[in-house]
Visitor: 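Pasting in a structure now, in C-alpha cells, and then I'll have a few things to ask.
When a ligand or atom number is given, it counts from 1 through the structure's own listing order.
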Amino acid sequence: MADTPKLSEVEIVKDASNYLRGTIVESLSNRITGALNHDDTHLIKFHGSYQQTDRDLDSERKLQKLEPLYSFMIRVRVPGGTATPAQWQRMDDLADEYGNGTIKLTTRQAFQLHGVLKRDLQATIQGFNEALLDSIAGCGDVNRNVMCSPNPHESAVHAEVYAAAAAISAHLTPRTTAYWELWLNGEQQSTTEPADEEPIYGKTYLPRKFKIALAVPPYNDVDIFANDIGLIAIAEKGKVLGYNVAVGGGLGMTFGMNETYPRLADIIGFVPAANVLDVCEKVVTIQRDWGNRENRKFSRLKYTIDKVGLSAFQAELHQRLGYDLTPARPYHFQSSTDAFGWSGNPKGLSHLTLFIEGGRIHNLPGYALKTALREIAAFHTGEFRLTGNQNLVLANIKSAHRSRIQALLEAHGAWPNTAHQTALRQHSLACVALNTCSQAFAEAERYLPQLLDKLDTIIRAHGLAEAGILIRMTGCPNGCARPYLGEIGLVGKAPGRYNLYLGADHAGERLNKLYREMLDEDGILRELTPILADYAAQRQPQEGFGDFVIRQGYVQATTHGLNFHA
Ligand code: SRM
Ligand code: SF4
C-alpha cells in the first residue's frame, strides 16, 4: 500500500482552525507575551498580518534575556491599487497611532503598516474597516491583492479592467466570518453574505499563496508574468474584448535547491471578458485539488503545472470550464515601468505620478512626503493609486487643484523629487528586508539608496543618466521586489553580500540569469562598471541594458524558469 503523504504543519493547522479562528482570541488576550500561540502565527496571515520581531534588537534583547520585541506587520488589500483620499488619511492616522509612523506601498499595490503591537491589532483593523478597507487575505494561502495597471491614460479601458480586478478580488475573498468576529466584534461591512463554508477554497484553503494581475498593453506595469494568473487585456475601439490568460508565474526560490526556480507564466489562450471570473475560479480550484500540500517549497501553481505538464493542465481547465480557451490574441508590451510627472486624459482631469523610493511614505529632513500627501488628501477629489512599482499616482486631479497640489509638494520638498535623479534610481525597486522581515539575509530597502548614490556616479560618468535600467534588490531569494525581472537583479545571500543577476528585458517578459555570486559593495561596483561602460559605448539605438548584456555574451538568455539555473 502506498504511504499516505505527510501533510505540512500549516495544512494541519488550517484543518483544525475552524475556518481560520484557531486560538487567536486566547493569543490576543494573553498579556504575558507580545507573541501569539505558535499555530496562530500561521492563521493570522490569512487575516493580513505577520508576527515579526525587530531584528536590529534581537541579539541585544537575547543578551538581556528579554523576549524578542514582537510586533505585527499588517497588509491592507487595495484591489487595483485604488484608494480614496479618506482611505489614505486613515492609513496615515493608523501608521502614527499604532504603527511605526510610516506607510509602505508594496510591490503588489497594497498598503503595509509595520510595528503594530499585539494589543493594538484589533483597533488597527477596526480603523481600516471604518474607512472601508480590510486586511483579510492580505497574506495566507488564498488569492492575494489583485493587481491591475494603474495607468490613468487609458481611462475607458482602464475602468473596465479595474472593474474586472475588483470583481475577481471579491469573488475570491474568503467567506469565513472569522475576520469579522475576531477583529470587528461580529460587525460586517462586506457586501457578500458571509458563511462558514468556503465554496471555492474548502476548509484547508489553497496549498500556498495565489496571485492574480491584469495588465493593459502596452504597459506591463504590474509584471503579470510573475503571477499565478496573469491577464492581458485585449481591447478594440476603447472596449475590452477579453483577456489572454497566462498561468504559472512565481518568483520565489531557495538558494542551493535548483529544483526551486523563478518562473514566468505561460500564455494558454484567450477568454472573453464575460468569462474571466470563471477562468480564474477554475484555475484556483485545480491548484486547490492538485497543488502540493506536503512540502511548501513546491506548493505554488508553477510547480503543479511543471509536474503534470502544461497541456494536461490546460485539458483539465477546459474540462472544468466546459469550454475551451481560444488562441491567444496579438498584444505588445513595451515596458514594465511607471511614467513620472504630470499627464492628462480627455476628461480634462490630470494625474501626477510620484517616484517613492522603496515605496516608503515617511518624513525625512527636507522631504516631508507624508505630511504633503496627508494635506493633499484633505481636499483632493480623485484617487490615490498605488502602482506595482511601489510608486504613487495622484489620479484625476481637478484642474482647480493642480497648482495647489504642486505647490504643496514643492513646499514640503516632495516634488519634483525626480529632477536630480538618474533614471536608474527611478527604475529601482527594493523589498522591505531588514529590520522587519524574518527571511532577510541582507539589507534591501535601507541599503539600495546608498548603493545607487555610488552607481549614479558611474552612470553619469558614462552619459547614462537617462537610461532607465531596471534595478531590483531583495534581501533574500523569495523575490518580493521581483529581482529576477530586473535588468540588474541583486539578491541578498549574507549580510552585505549579494548575488548579481543580469539580462531580464524591459517589459517583464524574460527572466535574468546569475552572473556573479556573493559580491560585497566593492564587488558589485567592480563588476558593473565595465559592463555599463561597454553599454554606453556599444549599445544600439533603443537597446535595453538587459538585451545588451545578452547580445554581448555576458549572460545567456533565460527562456523558461526551467533553464533559469542552467
Ligand atoms: Fe513577499 C514573504 C514582503 C511581494 C514572494 N514577503 C514575504 C514576507 C511576508 C516575509 C515572511 O514570509 O516572513 C515579507 C514581509 C516583509 C515585511 O517586513 O514587510 C514579504 N512581499 C513583500 C512586500 C511587502 C515587498 C515590498 O517591499 O513591497 C510585497 C507585498 C506584496 C503585497 O502587497 O501582497 C511582496 N512577495 C512579493 C512578490 C512580488 C509580487 O507578488 O509581484 C513576490 C514574488 C512573486 C511570487 O509570489 O512568487 C513575493 N514573499 C514572496 C515569497 C516567496 C514565495 C514562493 O513561492 O516561494 C515569500 C516567502 C513565502 O511565501 O514563504 C514572501
Ligand atoms: Fe523579506 Fe526576502 Fe521578501 Fe525581501 S525578498 S521582503 S527579504 S522575504
Visitor: Is K45 in contact with ligand 1, taking contact as a heavy-atom separation below 4.0 Å?
Guide: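 The answer is no, since K45 has no heavy atom less than 4.0 Å from ligand 1.
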
Visitor: Determine whether more than 12 heavy atoms belonging to other residues, nucleotides or ligands lie under 6.0 Å from atom CZ of R61.
Guide: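 More than 12 within 6.0 Å, yes.
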
Visitor: Are side-chain heavy atoms of I305 and R263 found at a separation under 4.5 Å?
Guide: yes

Visitor: Which atoms of ligand 2 are found less than 4.0 Å from any heavy atom of A440?
Guide: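 With A440 as reference, the close atoms of ligand 2 come out as 7 (S).
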
Visitor: Around atom 2 (Fe) of ligand 2, find the nearest protein heavy atom and jot down its residue, atom name and distance.
Guide: C476 SG, 2.3 Å

Visitor: Would you mind finding which of V432, L434, V491, N478 brings a heavy atom closest to atom 8 (S) of ligand 2?
Guide: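 Answer by nearest heavy atom: N478.
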
Visitor: In the protein, what heavy atom is nearest to atom 43 (C) of ligand 1, and what distance, to one decimal place, separates them?
Guide: K211 NZ, 3.3 Å

Visitor: Any side-chain donor paired with an acceptor under 3.5 Å for T387 and N389?
Guide: no

Visitor: Atom 13 (O) of ligand 1: which protein heavy atom is closest, and how many Å away?
Guide: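 Ranking protein heavy atoms by distance from atom 13 (O) of ligand 1, first comes S438 OG, 3.2 Å.
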
Visitor: Return yes when Q390 approaches ligand 1 closer than 4.0 angstrom through a heavy atom, no otherwise.
Guide: yes

Visitor: Are L490 and I471 packed together at the side-chain level, in the sense that at least one heavy-atom pair is separated by less than 4.5 angstrom?
Guide: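 A side-chain contact exists here, since the closest heavy-atom pair is under 4.5 Å.
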
Visitor: Considering the heavy atoms of Q439, write down every atom of ligand 2 situated less than 4.0 Å from one of them.
Guide: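 Selected atoms, number and element: 8 (S).
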
Visitor: Does C437 approach ligand 2 within less than 4.0 angstrom via side chain, backbone, both or neither, non-hydrogen atoms only?
Guide: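 Answer for C437: side chain.
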
Visitor: Give yes if a backbone or side-chain nitrogen or oxygen of G479 is under 3.5 Å from a nitrogen or oxygen of ligand 1, and no if not.
Guide: no

Visitor: Students should be able to answer this: which protein heavy-atom is nearest to atom 56 (O) of ligand 1, and at what distance?
Guide: R300 NH1, 2.9 Å

Visitor: Is atom NZ of K297 surrounded by more than 12 heavy atoms (other residues, nucleotides or ligands) closer than 6.0 Å?
Guide: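 No.
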
Visitor: Looking only at distances, can you tell me whether any N or O atom of R144, backbone or side chain, sits closer than 3.5 Å to an N or O atom of ligand 1?
Guide: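 Checking ligand 1 against R144, no N or O pair falls under 3.5 Å apart.
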
Visitor: Within C431, is some N, O or S atom less than 2.8 Å away from atom 1 (Fe) of ligand 1?
Guide: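 Coordinating: no.
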
Visitor: Among protein heavy atoms, which sits nearest to atom 12 (O) of ligand 1, and what does the distance come to when rounded to 0.1 Å?
Guide: Y50 CE2, 3.3 Å

Visitor: Need the ligand 1 atom indices (1-based, order shown) with element for anything under 4.0 Å from a heavy-atom of H114.
Guide: 17 (C), 18 (O), 19 (O)

Visitor: Using only heavy-atom distances, determine whether the side chains of D306 and Y261 contain a donor-acceptor pair under 3.5 Å.
Guide: yes

Visitor: Check whether any N, O or S atom of C431 sits under 2.8 Å from atom 4 (Fe) of ligand 2.
Guide: yes

Visitor: Just so I know, are the side chains of K104 and M73 near enough to count as touching, which here means a heavy-atom distance under 4.5 Å?
Guide: no

Visitor: Among all protein non-hydrogen atoms, which one is nearest to atom 52 (C) of ligand 1, and what is the separation to 0.1 Å?
Guide: K209 NZ, 3.2 Å

Visitor: Taking C-beta and beyond as the side chain, do L36 and I24 meet within less than 4.5 Å on heavy atoms?
Guide: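 No. Closest side-chain heavy atoms not under 4.5 Å.
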
Visitor: Check each atom of ligand 1 against the heavy atoms of V432 and keep those under 4.0 Å away; list them by number with element.
Guide: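 So the answer, numbered in order with elements, is 17 (C), 18 (O), 19 (O), 24 (C), 27 (O).
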
Visitor: Check this for me: does any side-chain nitrogen of one of D338 and R385 sit under 4.0 Å from a carboxylate oxygen of the other?
Guide: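 Not counted as a salt bridge, because no side-chain N and carboxylate O are separated by less than 4.0 Å.
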
Visitor: To check your reading of the model: name the closest protein heavy atom to atom 3 (Fe) of ligand 2, its residue, and the distance in Å.
Guide: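 For atom 3 (Fe) of ligand 2, the nearest protein heavy atom is C480 SG, 2.2 Å.
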
Visitor: Using the side chain to side chain donor-acceptor pair (under 3.5 Å) definition, which of the options H47, Q122, Q126 pairs with W183?
Guide: H47

Visitor: Please list the nearest protein heavy atom to atom 36 (N) of ligand 1 with its residue and the distance rounded to 0.1 Å.
Guide: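 Looking at atom 36 (N) of ligand 1, the protein heavy atom closest to it is C480 SG, 3.0 Å.
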
Visitor: At a 4.0 Å threshold, what atoms of ligand 2 neighbour a non-hydrogen atom of G475?
Guide: 4 (Fe), 7 (S)

Visitor: For atom 60 (C) of ligand 1, tell me which residue out of Q439, Q109, R208, M253 has the closest non-hydrogen atom.
Guide: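 Residue with the shortest heavy-atom distance to the ligand atom: R208.
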
Visitor: Is it the case that D15 and T204 place a side-chain donor and acceptor less than 3.5 Å from each other?
Guide: no

Visitor: Can you pull out the closest protein heavy atom to atom 3 (C) of ligand 1? Residue, atom name and distance to 0.1 Å, please.
Guide: R75 NH2, 3.6 Å

Visitor: What are the atoms of ligand 2, with element, lying closer than 4.0 Å to any heavy atom of T474?
Guide: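 So the answer, numbered in order with elements, is 5 (S).
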
Visitor: Can you find an N or O of T106 that's nearer than 3.5 Å to an N or O of ligand 1?
Guide: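 Yes; at least one N/O pair falls below 3.5 Å.
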
Visitor: Applying a strict 4.0 Å limit to heavy atoms, is A430 in contact with ligand 1?
Guide: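 The answer is yes, since A430 has a heavy atom less than 4.0 Å from ligand 1.
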
Visitor: Please step through side-chain contact (heavy atoms from CB on, under 4.5 Å) for the pair N563 and T558, ending with a clear verdict.
Guide: CA-CA 6 Å; N563 61 43; T558 298; 3.4 Å; yes

Visitor: Rounded to the nearest 0.5 Å, what separates atom CD1 in I469 from atom CD in Q426?
Guide: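 Going from CD1 on I469 over to CD on Q426, the span is 12.5 Å.
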
Visitor: Tell me, which protein residue and heavy-atom name are nearest atom 10 (C) of ligand 1, and how many Å apart are they?
Guide: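 Scanning the protein heavy atoms, the shortest distance from atom 10 (C) of ligand 1 goes to C437 SG, 3.6 Å.
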
Visitor: Relative to atom 18 (O) of ligand 1, which among T436, T107, L251 owns the nearest non-hydrogen atom?
Guide: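 Looking at heavy atoms only, the winner is T436.
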
Visitor: Does ligand 1 have an atom under 4.0 Å from some heavy atom of E445?
Guide: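 False for this residue.
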
Visitor: Between D228 and R144, is the salt bridge (charged side-chain N to carboxylate O under 4.0 Å, His left out) condition met? List the steps.
Guide: CA-CA 10 Å; D228 296 271; R144 304 288 188 85; over 6 Å; no

Visitor: With a cutoff of 4.0 Å, is A433 in contact with ligand 2, counting heavy atoms of the residue only?
Guide: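 Under 4.0 Å: yes for A433.
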
Visitor: Does the side chain of T436 reach to within under 4.5 Å of the side chain of Y50, using non-hydrogen atoms?
Guide: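 Result no, sub-4.5 Å side-chain heavy-atom pair not found.
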
Visitor: Decide yes or no for F384 and L105: does some side-chain heavy atom of the first lie under 4.5 Å from some side-chain heavy atom of the second?
Guide: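 A side-chain contact is absent here, since even the closest heavy-atom pair is not under 4.5 Å.
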
Visitor: Is the F72 to Y98 ring centre distance short of 6.0 Å?
Guide: no

Visitor: Taking atom 23 (C) of ligand 1 as the point of reference, which of Q112, R108, K104, R482 owns the nearest heavy atom?
Guide: Q112

Visitor: Within the 4.0 Å heavy-atom shell around G479, which atoms of ligand 2 are there?
Guide: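 The atoms of ligand 2 under 4.0 Å from a heavy atom of G479 are 5 (S).
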
